[in-house]
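What follows is a set of notes on a single structure, which appears directly below.
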2 protein chains.
Amino acid sequence: MNQQVDTRTRILDIAEAAVLDKGFEATSIDEIVAGAEISRGGFFYHFKDKNALARAMLERYIATEDALYDDLFARARELNDDPLHCMLIGLKLLAEMLEEMPTGHPGCVIASTAYQDRLFDEGVRELNRQAILGWRKRFRGMFEEIAQVYEPREPVNMDALGDMVSGVVEGGLVLQRALREHNNASEQIMLFRTFLKLLFAPRQQPV
Amino acid sequence: MNQQVDTRTRILDIAEAAVLDKGFEATSIDEIVAGAEISRGGFFYHFKDKNALARAMLERYIATEDALYDDLFARARELNDDPLHCMLIGLKLLAEMLEEMPTGHPGCVIASTAYQDRLFDEGVRELNRQAILGWRKRFRGMFEEIAQVYEPREPVNMDALGDMVSGVVEGGLVLQRALREHNNASEQIMLFRTFLKLLFAPRQQPV
DNA sequence: TGTCAACTGGACTCGCGGTACAGTGGGAAG
DNA sequence: CTTCCCACTGTACCGCGAGTCCAGTTGACA
């Protein structure tokens, strides 16, 4: 039982690294099998097909990402209790984190599966969808909290603003991959941060 | 000669539609061949392999996209001569356009190739890169023009701001595909527009 | 001692990308 | 009228990767 968990996890680890590096389609089962030092039969014992692998990977990714956000904004909250400043600190931490992990951000996988969706089954697509909807809800909640304290300077759709966090990260990662630069995603987040600062700037209330 | 051009264009048209719908990898050569009513041999007569097809498609996409931006901002310029207002109008037009073309935005292809890049050769990757650098240059130029008239309220990296146009579009399209909604990209552009309005808002100079 | 989970190993099918190449039909050049 | 070549057609063939099937092995635990 323990050995099973180990092998399964090992497969996921190796697949994860390969997929982040090369993309899902470019990662062959033979390669994973060789990396994990198991037989092809062993692979199919754990995952009925490549879709099942994709599903398991996505589930892990999303859980990791959620935990990361939880941790990030919890740390930000410790540093400042104000919802706006907490958000700004959290985004700063996120930007720094993205600069440190060169290619390996889970977000990749969302975009990657979104653009090859016909290769995946409904389960994978639905996981993808739920992940983004989850982030929308999370950030919309935070922005609504901010808006109660700082009235937005321009009217904004809060769902769209929540989506913008994911969108800016995804878009930044696309740029980063295509340009072969390494800090585009973090720069995009810093610009989004500037947007929030301006959007929720206090209305000429001097200190 | 004329017939050659026709067949080549027909292949590109059919491939384009299929790729926008399903992604590059999910589009088989057999399918394109059937759609274009030619033989497999005929396909390979025009394109030495799938990479050559990808390159030709990308070139067309990028040219179309550039022409689209040219046209869009030329129309915006006719409506208003001020660089900031021209930008805001252009983005509004872009958002409207994105809402009208449900899935078929060229931007897809950039992101799609970026995430499967190991499947493509250096030529394709370089095309991709140059396209994004071209847009960076284009929009940075426009933002610098704006900044000469309206001093930005917060310091911003002009390259990153230029990239943000592409990034927001790409990110929006990723969300749109994953969520199976249809107006995310245009909403993200409208939010970016709000950002620009705040960033370049005149400093309390009454009219 | 027997059972079961967790594999191994090998043989096989299928679809897809890609190669090779012989042949063909039509239009322009001589 | 012939010749040539461009733009194909059609067929046979290869290799790779996904996925199936299944018989057999090994070690832990009841």
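A, B, ... follow the sequence lines: proteins, then strands. Residue 1 opens every chain.
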Whole angstrom value for the distance that separates C1' of dT9(D) from NE2 of His46(B): 12 Å

Whether Phe143(B) and Phe200(B) hold their rings parallel, tilted or perpendicular, with breakpoints at 30° and 60°: parallel

Interatomic distance where CG belongs to Asp49(B) and P belongs to dA20(C) [whole Å]: 13 Å

Length of the CD-C1' vector between Glu25(A) and dG15(C), whole Å: 13 Å

More than 12 heavy atoms of other groups within 6.0 Å of Lys92(B) NZ: no

Gap between atoms CZ and P, on Arg8(B) and dC6(D) respectively (whole Å): 16 Å

Asp30(B), nearest nucleotide to its side chain (from dC16(C), dG18(C), dG9(C)): dC16(C)

Nucleotide nearest Tyr45(A) when distance is taken to its side chain, options dA6(C), dG19(D), dG18(C): dA6(C)

Spacing between Lys50(B) atom NZ and dT19(C) atom C1', to the nearest angstrom: 17 Å

Value in whole Å for how far the P atom of dT8(C) lies from CZ of Phe43(A): 13 Å

Heavy atoms from other residues, nucleotides or ligands near CD of Glu122(A) exceed 12 (cutoff 6.0 Å): yes

Aromatic ring pairing Phe120(A)/Phe24(A), orientation class (parallel under 30°, perpendicular over 60°, tilted between): tilted

Integer-rounded Å distance: dC7(C) P and Glu37(A) CD: 13 Å

Phosphate contact (dA7(D) OP1 or OP2) by Thr7(B) side-chain N/O below 4.0 Å: no

Rounded interatomic separation in angstrom, taking NZ from Lys48(A) and P from dC21(D): 12 Å

Any donor-acceptor N/O pair under 3.5 Å between dG9(C) base and Arg40(A) side chain: no

